[in-house]
Amino acid sequence: MASPNHLVSPNHLDWPNCLNARDVGGLPTSDGGAIRLGALIRTDNHSRLTPEGIAAVEAYGVSRIIDLRRDRECESLPSPFARTPLYCHVAVQNPADPDNETMTLDEIYITMLDLRPALFATALAAIADAPPGGVVVHCAGGKDRTGMVVAMALRIAGVEPETIGADYALTEGRLASDSAAVLEGIADLRIREIMRGLQPTPPRIILNTLAHIDTKYDGVAGYLETGGFTPAQANALRTRLRA
């Protein structure tokens, strides 16, 4: 059987030192269209960007950078764009929300989504309402929170779940070196094994998450509407992302 990665043509972006920067342009939609190149970019956090990396981001035509991390993460590893007009901080977790490391990854995603629809709706609105240009979405590794937000944006634009799952799966290989370093730095064997189980990104994780949204909320649009995302914003997001 072919790997799910045959569904995607990853557009890697050389933004030193981002490990997980890619443009999702080119992903096909269910009606024969595609996501527009340069419209939506997903990355890990920008604290390690070199001056050349910062220049590469600015040269890509980016109009908004959406940082999904919690306040304490932003303070610990600040974005080099934090004081620029590009930067938009939209945390999708409340400071009091648990981390839930003892759950499986898809259970964590589902819990986050059910708990904070208004925060995720705000993140999607920040993409839809951005000035003309490309929108960068990132969290810490560009894996979990970024994976959920990008998946919902792509579903609104008409990308099929299997294709979204294939794009999501690319992150594991891109973060392999960082993931190994994290494990090496954890002395507690129990915690290390918990973290090891949260690192892989098989397509089924995001597919289970999307299936939950379909079952409980009648789709991504229905879920986001519970958080205040309007049909007009959904149309704006669709128009923005599609070629």
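Basis for what follows: all heavy atoms, side chains included, without hydrogens, waters or symmetry-related copies.
- For residues 200-211, the side chain to side chain donor-acceptor pair (under 3.5 Å) pairs, not counting sequence neighbours, are Asp106-Asn208.
- With hydrogens and angles left out, the side-chain atoms of Thr171 and Arg22 include a donor and acceptor closer than 3.5 Å.
- Nearest approach of Leu49 to Pro80, heavy atoms of both residues: CD1-CG, 4.4 Å.
- Residues Pro117 and Leu224 are not in side-chain contact: their nearest non-hydrogen atoms beyond the backbone lie 4.5 Å or more apart.
- Hydrophobic clustering places Met195 together with Leu105 (ILVMFWY residues linked when any side-chain heavy atoms are closer than 4.5 Å, directly or through intermediates).
- Listed by chain and residue number, nothing satisfies the side chain to side chain donor-acceptor pair (under 3.5 Å) test with Asn94 (two or more places apart in sequence, or in another chain).
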(message) The test is side chain to side chain donor-acceptor pair (under 3.5 Å); show your working for Tyr217 and Asp114 and say whether it passes.
(response) CA-CA 10 Å; Tyr217 302 97; Asp114 286 347; 2.6 Å; yes

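- Residues Thr43 and Ile41 form a side-chain contact, since some pair of their non-hydrogen atoms from C-beta on lies under 4.5 Å apart.
- In terms of the side chain to side chain donor-acceptor pair (under 3.5 Å) criterion, Glu58 has no residue partners (sequence neighbours excluded).
- Applying the ring-ring contact (aromatic ring centres under 6.0 Å, His included) test to residues at least two apart or on different chains, the pairs with a partner in residues 48-96 are Trp15-Tyr60, His46-Phe81.
- Scanning for salt bridge (charged side-chain N to carboxylate O under 4.0 Å, His left out) contacts around Asp178 gives Arg48, with sequence neighbours left out.
- By the side-chain contact (heavy atoms from CB on, under 4.5 Å) test, Ala34 is found to be paired with no residue, residues two or more places apart in sequence or in another chain being considered.
- For the pair Pro200 and Pro202, the tightest heavy-atom approach, listed with the atom from each and the gap, is C-CD, 3.3 Å.
- For Ser47, the side chain to side chain donor-acceptor pair (under 3.5 Å) partners two or more places apart in sequence, or in a different chain, are Asn45.
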Side-chain atoms of residues 119-137: list all donor-acceptor pairs with protein atoms under 3.5 Å, sequence neighbours left out, distances to 0.1 Å.
from, atom 1, to, atom 2, distance (Å)
Thr122, OG1, Ala118, O, 2.8
Asp129, OD2, Gln233, NE2, 3.2

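- For the 3.5 Å distance criterion, the side chains of His12 and Asp23 fail to qualify, holding no donor opposite an acceptor.
- Between Val159 and Arg155 there is no side-chain heavy-atom pair separated by less than 4.5 Å.
- Of all heavy-atom pairs between Asn11 and Gly25, the closest is ND2-O, 2.6 Å.
- Hydrophobic clustering (ILVMFWY, side-chain heavy atoms < 4.5 Å, transitive): Leu13 and Val62 are in one cluster.
- Although no hydrogens or angles enter the test, the distance criterion places no donor-acceptor pair under 3.5 Å between the side chain of Glu193 and the main chain of Arg190.
- Ile191 and Ile108 fall within a single hydrophobic cluster, where Ile, Leu, Val, Met, Phe, Trp and Tyr are joined by side-chain heavy atoms under 4.5 Å apart, directly or via other members.
- Contact annotation: the side chain of Cys74 approaches that of Asp67 to within less than 4.5 Å [non-hydrogen atoms, C-beta and beyond].
- Remark: the backbone N or O of Leu86 is not paired with any side-chain donor or acceptor of Arg64 at under 3.5 angstrom.
- Between the CZ atom in Arg242 and the CG atom in Leu27 there is a gap of 12.0 Å [rounded to 0.5 Å].
- A donor-acceptor pair under 3.5 Å is formed between the side chain of Asp44 and the backbone N or O of Asn20.
- In terms of modelled atom types and a separation under 3.5 Å, the side chain of Tyr223 and the main chain of Leu113 share a donor-acceptor contact.
- Under a 3.5 Å cut-off, the side chain of Ser179 and the backbone N or O of Gln199 do not form any donor-acceptor pair.
- In terms of heavy atoms, Ile110 sits closest to His212 at CG2-NE2, 3.3 Å.
- A heavy-atom distance below 4.5 Å is found between the side chains of Val57 and Ile65.
- For Arg240, there are no salt bridge (charged side-chain N to carboxylate O under 4.0 Å, His left out) partners at least two apart in sequence or on another chain.
- Between Arg72 and Glu75 there is no salt bridge, since no side-chain N of the basic residue sits under 4.0 Å from a carboxylate O of the acidic one.
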(message) Quick one, Asp188 with Arg192, criterion side-chain contact (heavy atoms from CB on, under 4.5 Å). Give me CA distance, side-chain angles, the key distance, then yes/no.
(response) CA-CA 6 Å; Asp188 187 313; Arg192 186 188 302 171; over 6 Å; no

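- Residue pairs satisfying the side chain to side chain donor-acceptor pair (under 3.5 Å) criterion with at least one member in residues 137-148, sequence neighbours excluded, are listed as follows: Glu73-Arg145, Gln93-Arg145, Tyr109-Asp144.
- The shortest distance between side-chain heavy atoms of Glu225 and Pro231 falls below 4.5 Å.
- Residue Leu189 is found outside any hydrophobic cluster, as its side-chain heavy atoms come under 4.5 Å of no other Ile, Leu, Val, Met, Phe, Trp or Tyr.
- Not counting sequence neighbours, Glu160 has no partner by the side chain to side chain donor-acceptor pair (under 3.5 Å) test.
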